[in-house]
Protein chains: 2
Amino acid sequence: MTDTQEWVERFPGLSRLEPHIKQLLLSRSAIIEVPGGITLFGPGNSPENMLFLLDGTVRVQQVSDTGHEIVLYRIHAGESCVLTTACLLAYENYAAEGISETAVQAAAVPREVFDDLVAQSKSFRDFVFAAFSKRITDLFLMIDEVAFQRIDVRLADKLLKLCDGQDVVATTHQKLSVELGTAREVISRQLQEFQRRGWIEQARGSVTILDRAHLERLADHSA
Amino acid sequence: MTDTQEWVERFPGLSRLEPHIKQLLLSRSAIIEVPGGITLFGPGNSPENMLFLLDGTVRVQQVSDTGHEIVLYRIHAGESCVLTTACLLAYENYAAEGISETAVQAAAVPREVFDDLVAQSKSFRDFVFAAFSKRITDLFLMIDEVAFQRIDVRLADKLLKLCDGQDVVATTHQKLSVELGTAREVISRQLQEFQRRGWIEQARGSVTILDRAHLERLADHSA
DNA sequence: CAGACTTCGGTGATATTGTCACCAAGCACG
DNA sequence: CGTGCTTGGTGACAATATCACCGAAGTCTG
């Protein structure tokens, strides 16, 4: 797997930290590894540590009272869970949960160390506030999309984001509906329409992108 | 208006600050007053200061590319704009704007002072992170509502929140539609239905609540 | 005051999306 | 092989959004 020595260097926002701060971060953190499909945090299960993701992705999603689910965002390698953890610590009874989508490698930083770092290093403060800001602006964008964007545009966009350069997206209609916070039937019908137009091909549990250009054009009708 | 001496005491999260920190906050901040209807911050107009609201409310809303508007949240007396400001500083080109809904009195704290405070005081750090956390969890809830809640439930809820103990809400259908991120016609039809049931009475530019209990019952179908 | 203009709200037709109830094909596993 | 589970398809219908209007109520101005 990845070399965990000097993991700090792999965080764009952390590599410019003062040397003794880096040292503190490295010496007081532990590397943890988690397989995919594990609930890392959730209602009634707030972790003691702030996580800095070295490898893998964590999916943060929410279940509403009505039983509907929606994916809020993902945390990728090079990002941290600071805010989610902070949220969980501040408000015990909220409904978001974080699930490892792949095997995950992360640096766990205890709360006290985190607080020390914020106090001592301006660079670290900038990193933390930038992370919060990014998250909040992303949530603003998401609200805009959920409220105003047509479902075909959102689906095209999501397929392109999930395919990660590949042409095949391994997912089910059900999972796609949770990504967008809509119903499975809606996804099925939209995918049928995409297929009818020759933009994709479907198989059980996968979607193959045939015409990326057209999907991109539809998705860009938004942004 | 309000007594601005020792305004720090009026912030639940700040009153427990260390005395010298309070002093720093008081001495390095300026009290500003703004009439209602002014855009305090927005695209291409990020303020230099962090605002701590002493009196009045600020409405934060967003305009999408499609021309649709939606109210994201409000900042009330005793709360701060920390995050919005932080967001604006980090990402210049985003579309949210803050508008004073009433005459507003606020303490303006320069960025450097804010950074100093975060570095020096654990209590202040706790205040700031709690504010961020609250905002993020509120945005999670909002996403859930926009994605999954029926419009009649959301409208009933919004009317109850806007009436502020009074029985008359002075607003237009247009403004209510922006509150919920929907179309004016939808609001008109829902209000007609509420009126037909005898829950409200309408006049040009105002809604009078006649049957609070029924509205509450409808609104609580969610939470 | 008359006329012009704007804001506010109403309405019908139609498109899009969500909900519900059900079915059938593919797959896992004893 | 049968049984149950997952995945996806379908039709009917409900809720919401969009579009194109319209008229009534206020505002402004000469």
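Each chain gets a letter, A, B and so on, in the order its sequence line appears, and its residues count up from 1.
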How are the rings of Phe129(B) and Phe129(A) set relative to one another: parallel (under 30°), tilted (30 to 60°) or perpendicular (over 60°)?
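Parallel: the ring planes of Phe129(B) and Phe129(A) meet at under 30°.
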Between Trp7(B) and Phe52(B), what is the ring plane arrangement, given parallel below 30°, perpendicular above 60°, and tilted in between?
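Judged by the thresholds at 30° and 60°, the geometry between Trp7(B) and Phe52(B) is tilted.
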Rounded to 10°, tell me the angle between the two end axes of the helix from dC1(C)-dG30(D) to dG30(C)-dC1(D), each built from five pairs.
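Rounded value for the end-axis angle: 30°.
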Thr39(B) side chain to Phe41(B) main-chain N or O, any donor-acceptor pair under 3.5 Å?
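Not at all, since once roles are kept as given, no pair shorter than 3.5 Å links the two residues.
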Can a donor-acceptor pair be found, under 3.5 Å and without considering hydrogens, that links the side chain of Glu79(B) to the backbone of His76(B)?
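Answer holds: yes.
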Less than 3.5 Å apart, any donor N or O on the side chain of Thr57(B) or Glu101(B) sitting next to an acceptor on the other?
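Short answer, yes.
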Between [N] ([atom2]) and [X] ([atom1]): distance, integer Å:
X	N	atom1	atom2	answer
Gln149(A)	dA17(D)	CD	P	14 Å
Ile187(A)	dT7(D)	CD1	C1'	14 Å
Gln192(A)	dT7(D)	CD	P	17 Å
Phe148(A)	dA17(D)	CZ	C1'	11 Å
Glu185(B)	dC22(D)	CD	P	15 Å

Roughly how far, to the nearest 0.5 Å, is the CD1 atom of Ile99(A) from the CG atom of Leu40(A)?
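Interatomic distance, Leu40(A) CG to Ile99(A) CD1, rounded to 0.5 Å: 8.5 Å.
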Suppose we screen for side chain to side chain contact (heavy atoms under 4.5 Å, CB included). Which residues come up paired with Gln202(B), at least two apart in sequence or across chains?
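For Gln202(B) the side chain to side chain contact (heavy atoms under 4.5 Å, CB included) partners, ignoring immediate neighbours, are His173(B), Leu191(B), Gln192(B), Gln195(B), Ile200(B).
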For the student: nearest non-hydrogen atoms of [X] and [Y], plus distance:
X	Y	value
Ile70(A)	Ala147(B)	CD1-CB, 4.3 Å
Leu160(A)	Ala219(A)	CD1-CB, 4.2 Å
Asp211(A)	Gly198(A)	CB-O, 4.1 Å
Phe148(B)	Glu69(A)	CZ-O, 3.4 Å
Leu218(A)	Ala156(A)	CD2-CB, 3.9 Å

Any side-chain heavy-atom pair of Leu72(B) and Arg59(B) under 4.5 Å
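The answer is no; the side chains never approach within 4.5 Å.
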Salt bridge check, Arg197(B) against Glu193(B): does any charged N sit closer than 4.0 Å to a carboxylate O?
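Yes, Glu193(B) and Arg197(B) are salt-bridged.
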For Glu179(B), is there an ion pair with Arg74(B) - N to carboxylate O distance below 4.0 angstrom?
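Here Arg74(B) pairs with Glu179(B) in a salt bridge, since their nearest N and O are under 4.0 Å apart.
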Which is it for Val104(B) and Thr102(B) under the side-chain contact (heavy atoms from CB on, under 4.5 Å) test, yes or no, and what are the steps along the way?
CA-CA 6 Å; Val104(B) 157; Thr102(B) 63; 4.3 Å; yes
Contact residues, residues 195-203 of chain A to DNA chain C [heavy atom, < 4.0 Å]
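The stretch gives none, as no residue of it lies under 4.0 Å from the strand.
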Stretch residues 169-184 of chain B: residues that reach within less than 4.0 Å of DNA chain C through a heavy atom
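Those residues are Thr172(B), His173(B), Arg184(B).
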First contact, last contact: which nucleotides of DNA chain C are these for chain A, 5' to 3', heavy-atom distance under 4.0 Å?
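First-to-last contact on DNA chain C, by the 4.0 Å heavy-atom rule, is dT16(C) to dC27(C).
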Protein N or O to nucleotides 12-15 of chain D N or O, pairs below 3.5 Å:
none

What nucleotide, of dA25(D), dA20(D), dG9(D), holds the atom closest to the side chain of Arg204(B)?
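Side chain of Arg204(B) sits closest to dA25(D).
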